[in-house]
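Have a look at the structure below before the remarks.
These numbers come from the heavy atoms of this one structure, side chains and all, not from hydrogens, waters or symmetry mates. Note that ligands are numbered from 1 as they come in the structure, with each ligand's atoms numbered from 1 the same way.
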Amino acid sequence: MEEDKSRRKFIKNTAIVTGAVLVGCKTGATVLNNDPPHPDNFQGPIEFKQLPLPYDFNALEPHIDKMTMEIHYSKHHTAYINNLNKALAEQKVTEGSLEKIIANISKYTTATRNNAGGHWNHTQFWKWMRPNASGTYAGKVADAINGQFGSLDKFKESFTDAAMKRFGSGWAWLIQKDGKLEIVSTPNQDNPLMDVADVKGKPLLGIDVWEHAYYLKYQNLRKDYITNWYNLVNWTEVASLL
Ligand code: MN3
């Protein structure tokens with residue numbers, strides 16, 4: 001409770017000092033903009049829900065097997081969402097989009113960071129893959145990648161390298177930053193949209209290199225998983241983000 005009091009005082013002072021804009025949230029309560037946790041005005045937590053997988057569990061075979069997809073989507077991704085909702089309820093967060101929470105992730109708990117990242121990353125990961133993806137590398141996405149990296153093969157080389165060098169669990173990303181494309185990687189469920197990321201940018205493509213993404217089929221052969229994963233890349237989705 002002491003903490004709540006000092007926080008309220010802090011918020012009040014901050015509002016006076018910065019002249020922060022006051023906005024009304026959906027429930028009619030008045031809250032400080034860009035200050036997601038506001039225990040005074042708690043009206044019930046926000047809740048995120050899982051979108052349906054855009055294809056069947058077996059649709060990515062032979063590159064990713066049905067059981068991996070089923071466990072990955074129904075167990076891992078679902079757990080990130082449930083744990084995110086739990087973490088937000090504990091912090092009495094009543095509003096904010098997933099993107100906004102992620103952009104200000106340093107203001108939240110570690111559980112929020114892990115699970116908000118897990119939810120955003122997987123929601124997008126399902127869209128970055130599609131069955132029979134061959135032949136869609138063309139147009140502006142091909143121009144952008146060829147222009148930045150020389151060729152699709154050169155891009156794959158660098159992207160694979162980033163994904164292989166990510167020690168332990170994490171992700172490799174193709175991001176857009178200051179109008180340029182760049183390849184980076186993040187640990188755990190972090191992503192380049194987070195204010196805590198070493199290199200920030202807009203993710204155009206990302207690969208999950210947690211063992212749960214490939215171990216059933218590929219065991220320790222992460223490189224084989226990455227190599228085969230390129231057959232699934234939904235370049236149309238990448239182009240839509242450019
Ligand atoms: Mn995963």
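Ile207 is not connected to Tyr215 by any chain of hydrophobic side-chain contacts under 4.5 Å among Ile, Leu, Val, Met, Phe, Trp and Tyr, and they are in different clusters.
Between Phe125 and His72, the ring-plane angle classifies as tilted under the 30° and 60° cut-offs.
With waters neither drawn nor counted, the protein N/O/S atoms under 2.8 Å from the Mn ion (ligand 1) amount to 4.
Figure legend: cation-pi geometry between Lys156 and Tyr230, with NZ or CZ positioned under 6.0 Å from the six-membered ring centre and within 45° of its axis.
For Asp198, the CG atom is loosely surrounded, since the number of other residues' heavy atoms within 6.0 Å does not exceed 12. Within a 6.0 Å sphere centred on NZ of Lys202, heavy atoms belonging to other residues, nucleotides or ligands number more than 12.
At a threshold of 4.5 Å between non-hydrogen side-chain atoms, the residues Trp126 and Met69 count as touching.
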